[in-house]
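Scroll down for the structure; my scribbles are underneath it.
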Amino acid sequence: MIHVNPDDDRTSNQARPRIAVAGFQHETNSFSPVPTRLEDFIRPGGWPGLTESSAVVGTFSGVNIPIGGCIDRIRDRAEIVPILWASAEPGNLVQTEAFETISGKILDGLTAAMPLDGAYFDLHGAMITEEHEDGEGELLARARNLLGPNVPVAISLDLHANLTPEMVAHADAITIFRTYPHLDMAETGARAADLLLEMIGTGMRPHTAFRKLPYMIPLQAQHTKSEPVQALYGSLPENGSCASGNAEIAMGFPPGDIAMCGPALVATNESSDAAESAVDDLERRFLAVETRFPVELTSPIAAIKKAMETGRRGRPVVLADVQDNSGAGASSDTTGLLSELASSGARHAALGAICDPEFVELAHRAGVETEITASLGGRTGGPENPSFNGRFVITALSDGAFDWRGEMMKGVHANLGPTAAVRLVDDRSDVQAVVTGQRVQCLDRALFSHLGIEPVEMAVLVVKSTVHFRADFEGLAAEIIPVKSPGYNPCQLDAIPYTRLREGVRFL
């Protein structure tokens, strides 16, 4: 094995460690009506599609994504062995074919790359498969069995990870996003790279302390610029190391019905006592603020009334359709807020985005400036998710290829396939909508503007997102109102029909 100082600038391959990098991401919503298949990982969408071998470096270098941050951090210090990166829009359980195919490719890549001095995995931390309650734990167990106990493994996880003892057992170092919206994805991958290089250079493996918290936090209350979350993350060490200590918080992904669902704390240190002390301190902080999380949601009628009263063109009120966020596994095709906008007579209003491939196909056949009568949305679920029946004018069509431009997604190219912009034909209201053939979260304004709808010209904006939209809409919005409209990302936790959650967990 090669041992180098993490600050060593030597560029000779003989002096540099061989580090494998791979990524496999999915955030699984056990209550979503949308299956997660192999093809969902292969095709591109809001994120790049399945990427293999050397294309991983070219695709993700310089991009705000964990594997990109890791690659950029180690490229002058190590020999990078890129294997694979794959992600699918959140949905129901990852089907066995998808998990086994992608895991198999990663393990085959590791085998071909041996011997290795280290391995980095860009994971989410909330993957559930048809056969494995803890998808990441299973993948890491297989990788550890292949690599052996002496090759250090570093992983980065999403802030919403449902961290498990298995993940902790098979990873030597863990870093987790500290912002929601996730502005620090690349930074989190870079921090994992630093810890990995430290372990390779010193030969030291830190002690890890792990703790699950006794209560669950809904997604809309996990916003890291709101209290008490901001103060909790502010207490973490900025420049952690394996030797001097590092600590991380996973806020959990509530729609994942597994025993280990919910927030968790992890700390590493050369001293086991110091690691346990760090976790104890974080746990005390969390228990002290349990009643202070902002969990309230506003009814659609009240939210739209407030938006119509105070929103104006140039300073719109943004209504967050938090429970129909495809980024949390929802169907993104519910029409509750669209119906309420129309019946309330909202003007200068726009909604993004409703997923309806049948409607998009019809719109592309009809053409721009054509009026159609059709059903929109309500393609998934049951009678609780009705379609909106009406007349629409097609105002713009697109192939769905555009660049995200907000702080979170800047540098990522979207490839959504056919999309359309429509305006309701209704004398009482003035409402436009973005309709997509693939589910996509409204991550920034480009989702509207690539179809000619400029958010700054609206008085009322509805976004199908829980928190990520804030990165690009917060500076524009006169006010942001999370709305309680039907959807498959349940944000009232005591109403979720858990079957596997461990006993004694409290709901905020």
Side-chain angles (χ1 to χ4, degrees), residues 1-7 16-25 56 60 65-75 77-85 106 109-110 113 115-125 136-137 139-159 161 163-164 166-178 184-210 236-237 239-250 266-270 275:
M1 303 291 285
I2 301 172
H3 297 286
V4 298
N5 188 304
D7 297 321
R16 297 188 295 169
R18 285 173 50 81
I19 297 177
V21 298
F24 188 9
Q25 296 229 350
V56 171
F60 297 108
I65 198 167
I67 199 168
C70 175
I71 289 168
D72 292 342
R73 183 59 59 89
I74 69 175
R75 66 188 316 150
R77 303 179 183 182
E79 179 185 348
I80 300 172
V81 185
I83 296 175
L84 173 153
W85 186 91
I106 292 173
L110 291 174
L116 291 165
D117 296 287
Y120 161 77
F121 297 98
D122 176 7
L123 307 174
H124 184 284
E136 286 89 355
L139 174 61
L140 288 170
R142 296 180 187 184
R144 176 59 76 190
N145 183 61
L146 179 64
L147 295 169
N150 297 322
V151 176
V153 171
I155 66 173
S156 60
L157 299 175
D158 192 286
L159 177 141
L163 195 59
T164 67
E166 290 73 23
M167 295 182 215
V168 173
H170 298 301
D172 299 294
I174 299 172
T175 60
I176 304 175
F177 303 167
R178 297 179 176 185
D184 66 334
M185 291 185 285
E187 179 184 325
T188 302
R191 288 192 290 117
D194 287 340
L195 297 177
L196 183 58
L197 288 170
E198 180 185 358
M199 289 187 291
I200 294 171
T202 64
M204 188 265 288
R205 300 290 183 272
H207 296 275
T208 301
F210 169 67
L236 297 177
N239 300 302
S241 77
C242 295
S244 62
N246 186 54
E248 303 284 355
I249 298 169
V266 64
T268 52
N269 197 291
E270 191 170 13

Got a second to check how far [X]'s [atom1] is from [Y]'s [atom2], nearest 0.5 Å?
X      : Y      : atom1 : atom2 : answer
Leu196 : Ile19  : CG    : CD1   : 4.5 Å
Met199 : Asp194 : CE    : CG    : 11.0 Å
Asn150 : Leu116 : CG    : CG    : 13.0 Å
Ile176 : Ile155 : CD1   : CD1   : 8.0 Å
Ser156 : Tyr120 : OG    : OH    : 2.5 Å

His170: which of Leu139, Leu140, Leu147 passes side-chain contact (heavy atoms from CB on, under 4.5 Å): Leu140
Under the rule for side-chain contact (heavy atoms from CB on, under 4.5 Å), what residues qualify as partners of [X], not counting sequence neighbours?
X      : answer
Ile83  : Ala20, Ala22, Leu110
Ala243 : Glu198, Met204, Ser241, Glu270
Ala267 : Ala247, Ala278, Val279
Arg178 : Asp184, Arg191, Tyr233, Leu236, Asn246, Glu248

Any residue meeting salt bridge (Lys or Arg N to Asp or Glu O under 4.0 Å) with Asp158, in chain and number order, not counting sequence neighbours: none
Is there a donor-acceptor pair under 3.5 Å between the side chain of [X] and the backbone N or O of [Y]?
X      : Y      : answer
Asp172 : Val153 : yes
Thr175 : Thr188 : yes
Arg142 : Leu146 : no
Arg75  : Cys70  : no

Non-hydrogen atoms of [X] and [Y] that approach each other most closely:
X      : Y      : result
Ala119 : Val151 : N-CG1, 4.4 Å
Gln25  : Leu123 : NE2-O, 3.4 Å
Gly137 : Met167 : N-CG, 4.0 Å
Ala190 : Arg73  : CB-NH2, 3.4 Å
Ile174 : Ala171 : CG1-CB, 4.1 Å
Ala154 : Ala192 : CB-O, 3.7 Å

CA sep, side-chain torsions, deciding dist, call: His124, Leu157, side chain to side chain contact (heavy atoms under 4.5 Å, CB included): CA-CA 5 Å; His124 184 284; Leu157 299 175; over 6 Å; no
4.5 Å side-chain heavy-atom contact, Val168 and Thr164: no
Residue pair Thr268 / Cys242, side-chain heavy-atom distance below 4.5 Å: no
Residues Arg16 and Glu79 bridged, charged N to O under 4.0 Å: no
Any residue meeting side chain to side chain donor-acceptor pair (under 3.5 Å) with Asn269, in chain and number order, not counting sequence neighbours: none
Test ring-ring contact (aromatic ring centres under 6.0 Å, His included) applied to Trp85 and Phe60, Phe121, Phe24, the passing residue: Phe60
